[in-house]
Amino acid sequence: MTAGAETVRLTVGQAVVRFLASQWTERDGQRQKLFAGCLGIFGHGNVAGVGQALLQNELAEQEERLPYVLARNEQAMVHTAVAYARQKDRLQTWACTASVGPGSTNMLTGAALATVNRLPVLLLPSGTFATRVSGPVLQELEVPHAADVTVNDAFRPLSRFFDRVNRPEQLPSALLGAMRVLTDPVETGAATIALPQDVQAEALDWPIDLFAPRVWRVARPVPEAVDVADAAALIRSAQRPLVVAGGGVHYSGAEEALGAFCEATGIPVGETQAGKGALPHGHPQAMGAVGSTGSTAANALAQEADVVIGIGTRYSDFTTASRTAFQDAGVRFVNINIARFDAGKHAGLPLVTDAREALTALTAALRGYAVDPAYRDRQARLFRDWDVRVEAAYHPPAEVTDALAAGVLTQGTVLGCVNELSDPRDVVVCAAGSMPGDLHKLWRVRDRKAYHVEYGYSCMGYEIPGGIGVRLADPDRDVFVLVGDGSYLMMPTELVTAVQERVKVIVVLVQNHGFHSIGSLSESVGSQRFGTRYRFRNDTTGRLDGGKLPIDLAANARSLGATVIEVRSRGELEQAIKDAKAAPADGGPVVIHVETDPTVHALDSESWWDVPVSQVSDLDTTQRAHATYVEHKATQRALLAPTGRTKR
Ligand SMILES: Cc1ncc(C[n+]2csc(CCOP(=O)(O)OP(=O)(O)O)c2C)c(N)n1
Ligand SMILES: [Mg+2]
């Protein structure tokens, strides 16, 4: 055999595992394994292929490791991987292996969540026999007019990379393509390699070079000088500039650069859900959350802003209050984003670059520029007013608390207690329900990686598996998973995985007997909270308005192996948080069960979110809601005016 032509005989499954174990990323001179391991659930699709290979890897002495973790639900395991990747600033993730058919399609929601949030995850759905000789096999979709279609084709629109390895020879290009996408901050999201069950177990003589350690450098593209000059000129012309900080600030590690930029220029910052914590609470330019669930401080500044500097943001409807947040007639946008796709939004001046690099360059280009002192004063005043109201939500007055039923707290109290009793570096995790909005408004972030609300896909059920991913990524921090009863019921399963892996997540389970968030929304669109409460069907009315369902979620969590603390007062909640923090670091999940009153609302953002209302209706409530809707619609702006480039 000639040099360089050395081969090794392995199955496709073994080749996948060996390859994944040898991939690394590098940024700013730091290297880490791209894959922390492989999450999975086995069935006939992967037990002999990828499953056998993972076993062989676990038992081998010399090989690079790809540790296997058994999950309980395939959707959940993708959430765990994605949360891990987010906590690791997209430099590390997990692979996920699932069986044929339902095991694989269970991962679709996770795939969409990863791609929407631009977070890397490698999905390895299994496919039915490539040879088809024994078909149709168990769980095979037979499409009469398209014989090559399988359920895994459903991953195509949800993935940033998709391939199906029908022959072993196709594997190297599939693997390299997936790695390219996972490690590219512009393209990243779900990368899917479908592996038919027979192909996984087939052997080939692979060139040994396929398994050589590979380092994927995660790029920090620098801005072009002409773009920096144009952006600086536009910002210098501004009287009331505002930064909108998105998740890209975190992924780039640009928090310090943002702080320096704001301190030098006095430009205030409003944060999106993914960008929250870009500046710590208390920083003079930190105006808190912006948009539909924003602070009145950031939203007042957004209303008047003449230049908006979007950094690493997708400008979702929650951020722009459905395009009503920015009302200055001549408002212009400068968009710093690594993806040209996002940089062009709102007809902005695009700076297609890494956020940290852009901020460093802009701070230099803006030397000598600062906003008017009166504008700084206004920021300080607005934020102080807001913060006083947050304090009152954390510590509601007696007239609010006395009106509550015995043993029931306000949601603001719960968030306040957790915020005040957690350490600055502890991480709060949430995804759906009324808590993401309240957290966005109320949570005081004290560390760059301490706020983790998945609000790109806002997926009920993400909370517990997401919290596990965060804790696996950052075992030195306590992780507080805030989960509503609705979200909990969708996916309590991964408590079992946390028990198995001795992963300490502190789950604060907020019981309010239904979908408070959607109930409020329903009311606002005139639908009278229809079908949003957990109630018996009423024999008299025939409707879901009977007594409360006798659900005991504390008992449920206990039955899954978690340590459970039930609290019925502020004092008990405070003690429970202290006890949970003091619980052993490897003692598995601790669940704090607390009941809240959904009728006590948190602070108003004085902002709007576009959800359509029926144009015609027999119901007064809907008709009234539609009239209000039309008024709001009138304030919506197209934001199409091109941001002119300066003449040089
Ligand atoms: C998988 C999924 N299904 C439906 C929704 C729509 N949705 C958003 S919040 C919510 C209710 C959440 O209830 P709960 O977790 O109890 O939180 P609460 O609203 O009571 O605070 C629903 C149904 C969603 N976001 N995700
Ligand atoms: Mg609820």
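It should be emphasised that the depicted structure is a prediction, and the values quoted were computed from it without experimental measurement. First listed ligand is number 1; within each ligand, the first listed atom is number 1.
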Output field: ring centroids H516/H601 closer than 6.0 Å: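 That pair passes the under 6.0 Å test.
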Does an N or O from G486, backbone or side chain, lie closer than 3.5 Å to an N or O of ligand 1?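 Yes - when backbone and side-chain N and O of G486 are compared with those of ligand 1, one distance drops under 3.5 Å.
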Quick one: nearest non-hydrogen protein atom to atom 5 (C) of ligand 1, plus distance?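 Ranking protein heavy atoms by distance from atom 5 (C) of ligand 1, first comes M460 SD, 3.5 Å.
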Could you tell me whether F383 and H281 have their ring centroids closer than 6.0 angstrom?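 Aromatic pair counts; centres sit under 6.0 Å.
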Say whether, by atom type as modelled, one donor and one acceptor occur between the side chain of T93 and the main chain of P120 under 3.5 angstrom.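 Side chain of T93 to backbone of P120, a donor-acceptor pair under 3.5 Å: yes, one is there.
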When you look for heavy atoms under 4.0 Å from ligand 1, do you find them on the side chain of N512, its backbone, both, or neither?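 The side chain, only.
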Considering heavy atoms of the protein only, find what lies nearest to atom 17 (O) of ligand 1 and give residue, atom and distance to 0.1 Å.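 Here the nearest protein heavy atom works out to G433 CA, 3.6 Å.
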Does G461 have a heavy atom less than 4.0 Å from any atom of ligand 1?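 It does not; every heavy atom stays at 4.0 Å or beyond.
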Strictly by modelled atom types, are E74 and S104 linked by a side-chain donor-acceptor pair under 3.5 Å?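 There is no such pair (donor and acceptor under 3.5 Å, judged by atom type) between the side chains of E74 and S104.
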Would you confirm whether S617, through its side chain, and S614, through its main-chain N or O, come within 3.5 Å as a donor-acceptor pair?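 No; judged by distance alone, with no hydrogens or angles, the pair does not exist.
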I need the nearest protein heavy-atom contact for atom 18 (P) of ligand 1: residue, atom name and distance, please.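 For this ligand atom, the closest protein heavy atom is H516 N, 3.5 Å.
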Other residues, nucleotides, ligands: >12 heavy atoms within 6.0 Å of R156 CZ: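 Yes, CZ of R156 has more than 12 neighbouring heavy atoms, counting only those of other groups under 6.0 Å.
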Does Y488, backbone or side chain, put an N or O under 3.5 Å from an N or O of ligand 1?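 In this structure, Y488 places no N or O atom under 3.5 Å from an N or O of ligand 1.
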Does atom CG of D402 have more than 12 heavy-atom neighbours, drawn from other residues, nucleotides or ligands, at distances under 6.0 Å?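 Atom CG in D402 is packed in, count exceeds 12.
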For the ring pair Y534 and F515, is the centre-to-centre distance below 6.0 Å?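 Distance test on ring centres: under 6.0 Å, yes.
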If we only count N/O pairs under 3.5 Å, is S517 in contact with ligand 1?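 Between S517 and ligand 1, an N or O pair is found under 3.5 Å apart.
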May I ask you to check if K345 and Y315 form a cation-pi contact, with NZ or CZ under 6.0 angstrom from the six-membered ring centre and within 45° of the axis?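 Because its charged atom misses either the 6.0 Å distance or the 45° angle limit, K345 does not stack over Y315.
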Nearest protein heavy atom with distance in Å, relative to atom 8 (C) of ligand 1: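 Checking every protein heavy atom, the shortest distance to atom 8 (C) of ligand 1 gives I518 CD1, 3.6 Å.
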Where the Mg ion (ligand 2) is the corner point, what angle links OD1 of D485 with O of G514, to 10°?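 Nearest ten degrees: 110°.
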Regarding atom 20 (O) of ligand 1: of the candidates S434, G514, G484, which has the closest heavy atom?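 Nearest option to atom 20 (O) of ligand 1, by heavy atoms: G514.
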Could you tell me whether the Mg ion (ligand 2) has an N, O or S atom of N512 under 2.8 Å away?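 Checking N512: at least one N, O or S atom is under 2.8 Å.
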Would one find more than 12 heavy atoms of other residues, nucleotides or ligands at under 6.0 Å from atom CZ of R568?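 Atom CZ in R568 is not crowded, with 12 or fewer foreign heavy atoms closer than 6.0 Å.
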Starting from atom 15 (O) of ligand 1, what is the nearest protein heavy atom, named by residue and atom, and what distance separates them?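 Protein heavy atom with the smallest distance to atom 15 (O) of ligand 1: S487 N, 2.8 Å.
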Return the closest protein heavy atom for atom 13 (O) of ligand 1 as residue, atom name and distance.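 Here the closest protein heavy atom is F515 CD2, 3.3 Å.
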Heavy-atom nearest neighbour in the protein, as seen from atom 25 (N) of ligand 1, with distance rounded to 0.1 Å: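 For this ligand atom, the closest protein heavy atom is S458 O, 2.8 Å.
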